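Bear in mind that the values here come from a model prediction, so they are computed numbers and not experimental data. Here is the naming used below: chain letters follow the sequence lines, and residue numbers restart at 1 for every chain.
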Protein chains: 2
Amino acid sequence: MDETPKPPLTRIQRENRARIREAALEAFTRHDLCGGLRGVTLDKIALVAGLTKPNILYYYASKDAIYSDLLENLLEEWLLPLKEISPDGEPLAEIQNYVRRKLRLSIEKPRESKLFATEILHGAPLTAATLSGYLKDLVDEKAALIERWIKQGQLAPIDPYHLIFSIWAMTQHYADFDVQVRAILGAEKTKRLPDEASVFFDTLCARLLTPSK
Amino acid sequence: MDETPKPPLTRIQRENRARIREAALEAFTRHDLCGGLRGVTLDKIALVAGLTKPNILYYYASKDAIYSDLLENLLEEWLLPLKEISPDGEPLAEIQNYVRRKLRLSIEKPRESKLFATEILHGAPLTAATLSGYLKDLVDEKAALIERWIKQGQLAPIDPYHLIFSIWAMTQHYADFDVQVRAILGAEKTKRLPDEASVFFDTLCARLLTPSK
DNA sequence: GTCTATAGTCTGATAGAC
DNA sequence: GTCTATCAGACTATAGAC
(Lines give C-alpha, C1' and ligand atoms only; values in the text may rest on other atoms or scores of the structure.)
Protein backbone atom coordinates (compact mmCIF):
# COMPACT_ATOMS: atom_id res chain seq x y z
CA MET A 1 0.00 0.00 0.00
CA ASP A 2 2.83 2.35 0.80
CA GLU A 3 4.49 1.22 -2.42
CA THR A 4 4.22 3.70 -5.26
CA PRO A 5 3.34 2.07 -8.58
CA LYS A 6 6.67 3.22 -10.05
CA PRO A 7 9.16 3.54 -7.22
CA PRO A 8 12.02 5.96 -7.83
CA LEU A 9 15.40 4.45 -8.55
CA THR A 10 17.66 3.77 -5.61
CA ARG A 11 21.10 5.35 -5.42
CA ILE A 12 22.81 2.12 -6.46
CA GLN A 13 20.46 1.69 -9.38
CA ARG A 14 21.12 5.23 -10.55
CA GLU A 15 24.86 4.70 -10.29
CA ASN A 16 24.83 1.42 -12.13
CA ARG A 17 22.59 2.77 -14.85
CA ALA A 18 24.95 5.72 -15.28
CA ARG A 19 27.85 3.28 -15.46
CA ILE A 20 26.06 1.29 -18.16
CA ARG A 21 25.22 4.45 -20.09
CA GLU A 22 28.87 5.50 -20.05
CA ALA A 23 29.97 2.07 -21.31
CA ALA A 24 27.27 2.05 -23.99
CA LEU A 25 28.18 5.55 -25.17
CA GLU A 26 31.77 4.41 -25.50
CA ALA A 27 30.80 1.23 -27.32
CA PHE A 28 28.27 2.87 -29.65
CA THR A 29 30.74 5.48 -30.85
CA ARG A 30 34.06 3.71 -30.72
CA HIS A 31 35.82 3.20 -34.03
CA ASP A 32 35.61 -0.52 -34.31
CA LEU A 33 34.26 -2.00 -37.46
CA CYS A 34 30.85 -0.44 -37.32
CA GLY A 35 28.76 1.38 -34.80
CA GLY A 36 25.12 2.16 -34.35
CA LEU A 37 22.41 0.24 -32.59
CA ARG A 38 22.99 -3.03 -34.43
CA GLY A 39 26.74 -2.70 -34.63
CA VAL A 40 27.17 -3.04 -30.88
CA THR A 41 26.46 -6.18 -28.86
CA LEU A 42 25.46 -6.45 -25.24
CA ASP A 43 28.66 -8.42 -24.74
CA LYS A 44 30.73 -5.38 -25.73
CA ILE A 45 28.79 -3.06 -23.46
CA ALA A 46 29.11 -5.55 -20.61
CA LEU A 47 32.84 -5.86 -21.20
CA VAL A 48 33.39 -2.09 -21.10
CA ALA A 49 31.11 -1.67 -18.09
CA GLY A 50 32.78 -4.51 -16.21
CA LEU A 51 29.45 -6.24 -15.68
CA THR A 52 27.91 -9.39 -17.00
CA LYS A 53 25.32 -9.45 -19.73
CA PRO A 54 22.38 -10.56 -17.56
CA ASN A 55 23.32 -7.92 -15.05
CA ILE A 56 23.04 -5.24 -17.70
CA LEU A 57 19.59 -6.57 -18.53
CA TYR A 58 18.67 -6.36 -14.88
CA TYR A 59 19.12 -2.59 -14.99
CA TYR A 60 17.76 -2.07 -18.48
CA ALA A 61 14.89 -3.95 -20.07
CA SER A 62 16.66 -4.29 -23.41
CA LYS A 63 19.50 -3.00 -25.54
CA ASP A 64 17.13 -0.54 -27.20
CA ALA A 65 16.22 0.83 -23.78
CA ILE A 66 19.86 1.72 -23.11
CA TYR A 67 20.12 3.49 -26.44
CA SER A 68 16.91 5.45 -25.81
CA ASP A 69 17.92 6.48 -22.33
CA LEU A 70 21.27 7.65 -23.63
CA LEU A 71 19.63 9.85 -26.26
CA GLU A 72 17.12 11.35 -23.87
CA ASN A 73 19.79 12.28 -21.37
CA LEU A 74 21.76 13.81 -24.21
CA LEU A 75 19.25 16.09 -25.89
CA GLU A 76 18.80 18.50 -23.01
CA GLU A 77 22.51 19.19 -22.68
CA TRP A 78 22.90 19.42 -26.41
CA LEU A 79 20.34 22.18 -26.82
CA LEU A 80 21.48 24.25 -23.85
CA PRO A 81 23.80 26.57 -25.83
CA LEU A 82 20.99 27.50 -28.23
CA LYS A 83 18.66 28.19 -25.32
CA GLU A 84 21.17 30.56 -23.81
CA ILE A 85 21.08 33.04 -26.70
CA SER A 86 19.70 36.08 -24.90
CA PRO A 87 17.54 38.89 -26.32
CA ASP A 88 19.27 41.26 -23.92
CA GLY A 89 22.83 40.90 -25.17
CA GLU A 90 24.63 42.50 -28.07
CA PRO A 91 23.44 40.55 -31.14
CA LEU A 92 26.74 39.71 -32.83
CA ALA A 93 28.40 38.81 -29.52
CA GLU A 94 25.44 36.61 -28.55
CA ILE A 95 25.77 34.60 -31.76
CA GLN A 96 29.54 34.41 -31.57
CA ASN A 97 29.25 33.15 -28.01
CA TYR A 98 26.70 30.58 -29.12
CA VAL A 99 29.04 29.30 -31.82
CA ARG A 100 31.91 29.15 -29.35
CA ARG A 101 29.85 27.18 -26.81
CA LYS A 102 28.66 24.80 -29.51
CA LEU A 103 32.17 24.27 -30.84
CA ARG A 104 33.52 23.59 -27.38
CA LEU A 105 30.77 21.07 -26.73
CA SER A 106 31.56 19.27 -29.99
CA ILE A 107 35.28 19.11 -29.31
CA GLU A 108 34.95 18.12 -25.66
CA LYS A 109 32.13 15.62 -26.13
CA PRO A 110 32.62 14.06 -29.56
CA ARG A 111 30.95 10.81 -28.53
CA GLU A 112 27.72 12.57 -27.68
CA SER A 113 27.83 14.44 -30.96
CA LYS A 114 28.39 11.23 -32.90
CA LEU A 115 25.59 9.40 -31.16
CA PHE A 116 23.18 12.19 -31.99
CA ALA A 117 24.43 12.33 -35.58
CA THR A 118 23.93 8.59 -35.98
CA GLU A 119 20.39 8.87 -34.69
CA ILE A 120 19.42 11.67 -37.11
CA LEU A 121 21.30 10.12 -40.01
CA HIS A 122 19.28 6.94 -39.64
CA GLY A 123 15.99 8.80 -39.71
CA ALA A 124 15.62 9.81 -36.04
CA PRO A 125 13.44 6.81 -35.12
CA LEU A 126 13.49 7.71 -31.44
CA THR A 127 13.64 11.50 -31.51
CA ALA A 128 11.39 12.45 -34.42
CA ALA A 129 8.66 13.70 -32.08
CA THR A 130 11.10 15.83 -30.09
CA LEU A 131 12.56 17.33 -33.25
CA SER A 132 9.27 18.55 -34.70
CA GLY A 133 7.94 19.60 -31.30
CA TYR A 134 10.30 20.92 -28.69
CA LEU A 135 13.26 21.59 -30.98
CA LYS A 136 11.18 23.25 -33.71
CA ASP A 137 9.62 25.59 -31.12
CA LEU A 138 13.02 26.49 -29.73
CA VAL A 139 14.49 27.20 -33.17
CA ASP A 140 11.41 29.20 -34.21
CA GLU A 141 11.83 31.35 -31.11
CA LYS A 142 15.51 32.04 -31.74
CA ALA A 143 14.94 32.61 -35.46
CA ALA A 144 12.32 35.22 -34.58
CA LEU A 145 14.81 36.90 -32.26
CA ILE A 146 17.41 37.04 -35.03
CA GLU A 147 14.81 38.43 -37.43
CA ARG A 148 14.05 41.16 -34.89
CA TRP A 149 17.73 42.05 -34.62
CA ILE A 150 17.94 42.22 -38.41
CA LYS A 151 14.87 44.50 -38.64
CA GLN A 152 16.43 46.79 -36.06
CA GLY A 153 19.55 47.02 -38.22
CA GLN A 154 21.73 45.31 -35.62
CA LEU A 155 22.58 42.37 -37.88
CA ALA A 156 23.01 42.13 -41.65
CA PRO A 157 20.03 40.52 -43.42
CA ILE A 158 20.29 36.74 -43.57
CA ASP A 159 17.94 33.74 -43.38
CA PRO A 160 18.02 32.84 -39.66
CA TYR A 161 17.08 29.19 -40.17
CA HIS A 162 19.89 28.50 -42.60
CA LEU A 163 22.20 30.44 -40.30
CA ILE A 164 21.35 28.09 -37.43
CA PHE A 165 21.66 25.00 -39.63
CA SER A 166 25.07 26.18 -40.80
CA ILE A 167 26.28 26.72 -37.25
CA TRP A 168 25.14 23.24 -36.29
CA ALA A 169 26.73 21.69 -39.35
CA MET A 170 30.07 23.48 -39.10
CA THR A 171 30.63 22.94 -35.39
CA GLN A 172 29.52 19.32 -35.28
CA HIS A 173 31.64 18.54 -38.31
CA TYR A 174 34.76 18.64 -36.15
CA ALA A 175 33.34 15.96 -33.85
CA ASP A 176 31.41 13.75 -36.26
CA PHE A 177 33.99 13.69 -39.05
CA ASP A 178 37.07 14.00 -36.87
CA VAL A 179 38.75 11.12 -38.67
CA GLN A 180 38.53 12.99 -41.96
CA VAL A 181 39.55 16.32 -40.41
CA ARG A 182 42.61 14.77 -38.81
CA ALA A 183 43.58 12.92 -41.97
CA ILE A 184 43.59 16.14 -43.96
CA LEU A 185 45.12 18.50 -41.42
CA GLY A 186 47.86 16.14 -40.28
CA ALA A 187 49.08 15.89 -36.69
CA GLU A 188 50.63 19.35 -36.59
CA LYS A 189 47.63 21.39 -37.69
CA THR A 190 45.26 19.18 -35.70
CA LYS A 191 46.94 20.25 -32.47
CA ARG A 192 46.16 23.89 -33.21
CA LEU A 193 42.63 23.06 -34.36
CA PRO A 194 40.51 24.29 -31.44
CA ASP A 195 42.07 27.76 -31.50
CA GLU A 196 42.15 28.13 -35.26
CA ALA A 197 38.58 26.96 -35.67
CA SER A 198 37.52 29.43 -33.00
CA VAL A 199 39.20 32.31 -34.81
CA PHE A 200 37.75 31.15 -38.12
CA PHE A 201 34.21 31.16 -36.74
CA ASP A 202 34.58 34.54 -35.07
CA THR A 203 35.73 35.99 -38.39
CA LEU A 204 32.97 34.23 -40.28
CA CYS A 205 30.26 35.54 -37.95
CA ALA A 206 31.64 39.06 -38.01
CA ARG A 207 31.83 39.27 -41.80
CA LEU A 208 28.51 37.56 -42.29
CA LEU A 209 26.47 39.43 -39.72
CA THR A 210 27.94 42.91 -39.31
CA PRO A 211 25.48 45.31 -40.92
CA SER A 212 26.90 47.50 -43.68
CA LYS A 213 26.83 51.13 -42.60
CA MET B 1 45.81 -21.17 -71.39
CA ASP B 2 43.86 -18.51 -73.20
CA GLU B 3 42.13 -17.76 -69.91
CA THR B 4 43.32 -14.59 -68.21
CA PRO B 5 43.88 -15.02 -64.47
CA LYS B 6 41.25 -12.38 -63.67
CA PRO B 7 38.81 -12.16 -66.56
CA PRO B 8 36.98 -8.86 -66.88
CA LEU B 9 33.33 -8.85 -65.89
CA THR B 10 30.80 -9.69 -68.56
CA ARG B 11 28.04 -7.26 -69.46
CA ILE B 12 25.46 -9.23 -67.49
CA GLN B 13 27.73 -9.39 -64.47
CA ARG B 14 28.27 -5.65 -64.57
CA GLU B 15 24.54 -5.04 -64.84
CA ASN B 16 23.66 -7.35 -61.98
CA ARG B 17 26.36 -5.93 -59.78
CA ALA B 18 25.04 -2.44 -60.50
CA ARG B 19 21.55 -3.63 -59.63
CA ILE B 20 22.79 -5.05 -56.35
CA ARG B 21 24.68 -1.84 -55.56
CA GLU B 22 21.52 0.20 -56.15
CA ALA B 23 19.52 -2.07 -53.83
CA ALA B 24 22.23 -2.01 -51.20
CA LEU B 25 22.52 1.78 -51.33
CA GLU B 26 18.77 1.99 -50.80
CA ALA B 27 18.85 -0.52 -47.95
CA PHE B 28 21.90 0.96 -46.23
CA THR B 29 20.44 4.44 -46.13
CA ARG B 30 16.73 3.85 -45.81
CA HIS B 31 15.08 5.07 -42.63
CA ASP B 32 14.24 1.77 -41.03
CA LEU B 33 15.28 1.14 -37.49
CA CYS B 34 18.98 1.36 -37.97
CA GLY B 35 21.35 1.52 -40.87
CA GLY B 36 25.00 0.97 -41.42
CA LEU B 37 26.90 -2.16 -42.27
CA ARG B 38 25.48 -4.27 -39.45
CA GLY B 39 22.02 -2.76 -39.53
CA VAL B 40 21.25 -4.19 -42.95
CA THR B 41 20.84 -7.88 -43.73
CA LEU B 42 21.49 -9.67 -46.97
CA ASP B 43 17.83 -10.63 -46.93
CA LYS B 44 16.82 -6.97 -47.12
CA ILE B 45 19.22 -6.25 -49.95
CA ALA B 46 17.99 -9.35 -51.79
CA LEU B 47 14.37 -8.27 -51.32
CA VAL B 48 15.00 -4.79 -52.70
CA ALA B 49 17.09 -6.13 -55.58
CA GLY B 50 14.52 -8.77 -56.45
CA LEU B 51 17.11 -11.51 -56.22
CA THR B 52 17.70 -14.36 -53.83
CA LYS B 53 20.33 -14.28 -51.13
CA PRO B 54 22.63 -16.92 -52.67
CA ASN B 55 22.37 -15.12 -55.98
CA ILE B 56 23.63 -11.92 -54.39
CA LEU B 57 26.55 -13.91 -53.00
CA TYR B 58 27.26 -15.25 -56.45
CA TYR B 59 28.01 -11.73 -57.63
CA TYR B 60 29.68 -10.50 -54.47
CA ALA B 61 31.92 -12.53 -52.20
CA SER B 62 30.36 -11.12 -49.02
CA LYS B 63 28.20 -8.36 -47.61
CA ASP B 64 31.29 -6.36 -46.79
CA ALA B 65 32.36 -6.58 -50.42
CA ILE B 66 29.13 -4.90 -51.53
CA TYR B 67 29.64 -2.11 -49.03
CA SER B 68 33.24 -1.57 -50.13
CA ASP B 69 32.39 -1.55 -53.80
CA LEU B 70 29.64 0.99 -53.15
CA LEU B 71 32.02 3.33 -51.35
CA GLU B 72 34.75 3.08 -53.96
CA ASN B 73 32.33 3.88 -56.76
CA LEU B 74 31.08 6.81 -54.73
CA LEU B 75 34.26 8.62 -53.77
CA GLU B 76 35.29 9.61 -57.28
CA GLU B 77 31.95 11.26 -58.05
CA TRP B 78 31.87 12.89 -54.64
CA LEU B 79 35.19 14.66 -55.04
CA LEU B 80 34.58 15.83 -58.60
CA PRO B 81 33.20 19.28 -57.66
CA LEU B 82 36.30 20.07 -55.58
CA LYS B 83 38.55 18.95 -58.41
CA GLU B 84 36.84 21.32 -60.78
CA ILE B 85 37.86 24.48 -58.91
CA SER B 86 40.01 26.14 -61.54
CA PRO B 87 43.01 28.46 -61.05
CA ASP B 88 41.98 30.28 -64.23
CA GLY B 89 38.55 31.47 -63.13
CA GLU B 90 37.49 34.45 -61.06
CA PRO B 91 38.18 33.40 -57.43
CA LEU B 92 34.87 34.25 -55.74
CA ALA B 93 32.85 32.83 -58.65
CA GLU B 94 34.92 29.64 -58.62
CA ILE B 95 34.16 29.04 -54.96
CA GLN B 96 30.50 29.98 -55.26
CA ASN B 97 30.20 27.55 -58.17
CA TYR B 98 31.88 24.87 -56.12
CA VAL B 99 29.42 25.38 -53.28
CA ARG B 100 26.50 25.29 -55.70
CA ARG B 101 27.70 22.04 -57.30
CA LYS B 102 28.25 20.48 -53.88
CA LEU B 103 24.83 21.55 -52.64
CA ARG B 104 23.14 20.18 -55.75
CA LEU B 105 24.95 16.87 -55.33
CA SER B 106 23.82 16.63 -51.69
CA ILE B 107 20.22 17.42 -52.49
CA GLU B 108 20.00 15.20 -55.55
CA LYS B 109 21.94 12.26 -54.11
CA PRO B 110 21.18 12.20 -50.37
CA ARG B 111 21.70 8.45 -50.13
CA GLU B 112 25.27 8.70 -51.36
CA SER B 113 25.92 11.53 -48.92
CA LYS B 114 24.51 9.51 -46.05
CA LEU B 115 26.50 6.42 -46.91
CA PHE B 116 29.70 8.44 -46.93
CA ALA B 117 28.74 10.17 -43.68
CA THR B 118 28.08 6.82 -42.01
CA GLU B 119 31.47 5.54 -43.12
CA ILE B 120 33.37 8.54 -41.73
CA LEU B 121 31.27 8.72 -38.59
CA HIS B 122 32.19 5.14 -37.77
CA GLY B 123 35.89 5.80 -38.14
CA ALA B 124 36.34 5.35 -41.91
CA PRO B 125 37.45 1.70 -41.62
CA LEU B 126 37.48 1.26 -45.40
CA THR B 127 38.48 4.69 -46.63
CA ALA B 128 41.08 5.84 -44.10
CA ALA B 129 43.93 5.29 -46.56
CA THR B 130 42.17 7.26 -49.29
CA LEU B 131 41.42 10.13 -46.92
CA SER B 132 45.00 10.68 -45.78
CA GLY B 133 46.41 10.05 -49.25
CA TYR B 134 44.43 11.04 -52.30
CA LEU B 135 41.96 13.34 -50.54
CA LYS B 136 44.59 15.12 -48.44
CA ASP B 137 46.65 15.82 -51.57
CA LEU B 138 43.63 17.20 -53.37
CA VAL B 139 42.65 19.46 -50.47
CA ASP B 140 46.24 20.64 -50.01
CA GLU B 141 46.36 21.61 -53.68
CA LYS B 142 43.09 23.58 -53.52
CA ALA B 143 44.02 25.18 -50.18
CA ALA B 144 47.28 26.39 -51.75
CA LEU B 145 45.31 27.86 -54.63
CA ILE B 146 43.03 29.74 -52.23
CA GLU B 147 46.07 30.99 -50.30
CA ARG B 148 47.50 32.31 -53.57
CA TRP B 149 44.26 34.13 -54.34
CA ILE B 150 44.33 35.66 -50.86
CA LYS B 151 47.96 36.79 -51.23
CA GLN B 152 47.06 38.43 -54.53
CA GLY B 153 44.28 40.32 -52.76
CA GLN B 154 41.54 38.62 -54.75
CA LEU B 155 39.96 37.05 -51.67
CA ALA B 156 39.67 38.25 -48.07
CA PRO B 157 42.10 36.48 -45.69
CA ILE B 158 40.68 33.25 -44.29
CA ASP B 159 41.97 29.80 -43.32
CA PRO B 160 41.42 27.77 -46.50
CA TYR B 161 41.19 24.41 -44.72
CA HIS B 162 38.45 25.50 -42.37
CA LEU B 163 36.72 27.15 -45.31
CA ILE B 164 36.65 23.84 -47.16
CA PHE B 165 35.51 21.93 -44.05
CA SER B 166 32.71 24.44 -43.56
CA ILE B 167 31.54 24.08 -47.13
CA TRP B 168 31.48 20.31 -46.79
CA ALA B 169 29.67 20.48 -43.48
CA MET B 170 27.03 23.00 -44.50
CA THR B 171 26.12 21.44 -47.83
CA GLN B 172 26.07 17.84 -46.64
CA HIS B 173 23.96 18.84 -43.64
CA TYR B 174 20.92 19.16 -45.89
CA ALA B 175 21.30 15.57 -47.04
CA ASP B 176 22.58 13.83 -43.92
CA PHE B 177 20.27 15.52 -41.42
CA ASP B 178 17.32 16.00 -43.75
CA VAL B 179 14.94 14.59 -41.17
CA GLN B 180 15.91 17.30 -38.72
CA VAL B 181 15.89 20.06 -41.35
CA ARG B 182 12.42 19.06 -42.51
CA ALA B 183 11.11 18.79 -38.94
CA ILE B 184 12.20 22.34 -38.19
CA LEU B 185 11.35 24.04 -41.47
CA GLY B 186 7.96 22.39 -41.91
CA ALA B 187 6.50 21.34 -45.26
CA GLU B 188 6.11 24.86 -46.60
CA LYS B 189 9.65 26.13 -46.10
CA THR B 190 11.11 22.74 -47.07
CA LYS B 191 9.67 23.10 -50.56
CA ARG B 192 11.57 26.33 -51.07
CA LEU B 193 14.73 24.91 -49.52
CA PRO B 194 16.97 24.35 -52.56
CA ASP B 195 16.56 27.94 -53.77
CA GLU B 196 16.81 29.57 -50.37
CA ALA B 197 19.87 27.57 -49.40
CA SER B 198 21.48 28.51 -52.69
CA VAL B 199 20.85 32.21 -52.07
CA PHE B 200 22.07 31.85 -48.48
CA PHE B 201 25.36 30.29 -49.57
CA ASP B 202 25.97 32.85 -52.32
CA THR B 203 25.49 35.62 -49.76
CA LEU B 204 27.68 33.85 -47.23
CA CYS B 205 30.53 33.37 -49.71
CA ALA B 206 30.32 36.96 -50.94
CA ARG B 207 30.40 38.49 -47.45
CA LEU B 208 33.06 36.11 -46.23
CA LEU B 209 35.42 36.27 -49.17
CA THR B 210 35.08 39.67 -50.81
CA PRO B 211 38.27 41.57 -49.98
CA SER B 212 37.77 44.91 -48.20
CA LYS B 213 38.89 47.76 -50.44
C1' DG C 1 21.39 -8.38 -6.80
C1' DT C 2 24.51 -11.13 -9.46
C1' DC C 3 25.91 -15.11 -11.58
C1' DT C 4 25.94 -19.66 -14.98
C1' DA C 5 23.66 -21.97 -18.36
C1' DT C 6 20.86 -22.03 -22.10
C1' DA C 7 16.71 -21.25 -24.91
C1' DG C 8 15.33 -19.48 -29.20
C1' DT C 9 16.12 -16.53 -33.06
C1' DC C 10 18.46 -14.44 -36.77
C1' DT C 11 21.96 -14.20 -40.32
C1' DG C 12 25.95 -14.80 -43.34
C1' DA C 13 27.51 -18.13 -46.14
C1' DT C 14 27.59 -22.95 -48.51
C1' DA C 15 26.05 -27.36 -50.82
C1' DG C 16 24.06 -29.26 -54.45
C1' DA C 17 19.92 -29.91 -57.64
C1' DC C 18 18.35 -27.99 -61.94
C1' DG D 1 23.60 -18.87 -63.51
C1' DT D 2 19.86 -19.40 -60.31
C1' DC D 3 17.33 -21.75 -57.11
C1' DT D 4 15.96 -24.58 -52.39
C1' DA D 5 17.59 -26.24 -48.31
C1' DT D 6 20.46 -25.90 -44.62
C1' DC D 7 24.50 -25.32 -41.64
C1' DA D 8 27.36 -22.97 -38.18
C1' DG D 9 27.91 -19.13 -35.52
C1' DA D 10 26.42 -15.10 -33.08
C1' DC D 11 23.07 -12.70 -30.73
C1' DT D 12 19.30 -11.08 -27.36
C1' DA D 13 16.97 -12.33 -23.62
C1' DT D 14 15.39 -15.57 -19.88
C1' DA D 15 15.43 -19.26 -16.22
C1' DG D 16 16.91 -20.39 -12.06
C1' DA D 17 20.77 -21.26 -8.61
C1' DC D 18 23.13 -18.71 -5.04
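Not counting sequence neighbours, the partners of B:Glu77 by the side chain to side chain contact (heavy atoms under 4.5 Å, CB included) test are B:Leu105, B:Lys109.
In this structure, CZ of B:Arg17 is placed 13 Å from P of D:dT2, rounded to the nearest angstrom. Note: CG (B:Leu37) to P (D:dA10) measures 16 Å, nearest angstrom. In this structure, the CG atom of A:Leu47 is 13 Å from the P atom of C:dC3, given to the nearest Å. To the nearest angstrom, C1' of C:dA13 lies 13 Å from CD1 of B:Ile56. Look at CG on B:Asp43: it is 9 Å from C1' on C:dC10, rounded to the nearest Å. To the nearest angstrom, C1' of D:dA5 lies 16 Å from CG of B:Asn55. Straight-line distance from the CD1 atom of B:Ile45 to the P atom of C:dA13: 10 Å, rounded to whole Å. As a whole-Å value, the separation of B:Ile12 CD1 from D:dT2 P is 7 Å.
Each of A:Tyr59, A:Tyr60, A:Tyr67 was checked for a side chain to side chain donor-acceptor pair (under 3.5 Å) with A:Arg21, and the lone residue meeting it is A:Tyr60.
Rounding to the nearest 0.5 Å places CG of B:Leu37 at 5.0 Å from CG of B:Asp64. In this structure, NZ in A:Lys136 is found 8.0 Å from CG in B:Leu185, a value given to the nearest 0.5 Å.
Between B:Phe177 and B:His173, the ring planes lie perpendicular to each other; the angle is over 60°, past the 30° to 60° tilted range. Classification of the B:His162-A:Tyr174 ring pair by plane angle, with boundaries at 30° and 60°, yields tilted.
For the strand DNA chain C, secondary-structure stems (runs of at least three Watson-Crick or G-U pairs, all distances below 3.5 Å) span C:1-18 with D:1-18.
Note on A:Tyr60: nothing from the nucleic acid sits closer than 4.0 angstrom, heavy atoms only.
The cationic atom of A:Arg100 (NZ for Lys, CZ for Arg) does not lie both less than 6.0 Å from the six-membered ring centre of A:Phe201 and within 45° of the ring axis.
Side-chain atoms of A:Glu119 come within 3.5 Å of backbone N or O of A:Leu126 as a donor-acceptor pair. Between the side chain of A:Lys102 and the backbone N or O of A:Ile167, no donor-acceptor pair lies under 3.5 Å.
B:Thr52 has no side-chain polar atom (N or O) that falls below the 4.0 Å cut-off from OP1 or OP2 of D:dT2. Proximity of A:Tyr58 to the phosphate of C:dT2: no side-chain N or O atom is located under 4.0 Å from OP1 or OP2. Neither OP1 nor OP2 of D:dG1 sits under 4.0 Å from any side-chain N or O of B:Tyr59.
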Report, as a single string ordered 5' to 3', how protein heavy atoms within less than 4.0 Å touch nucleotides 13-18 of chain D: B base, S sugar-phosphate only, - not at all.
BB----
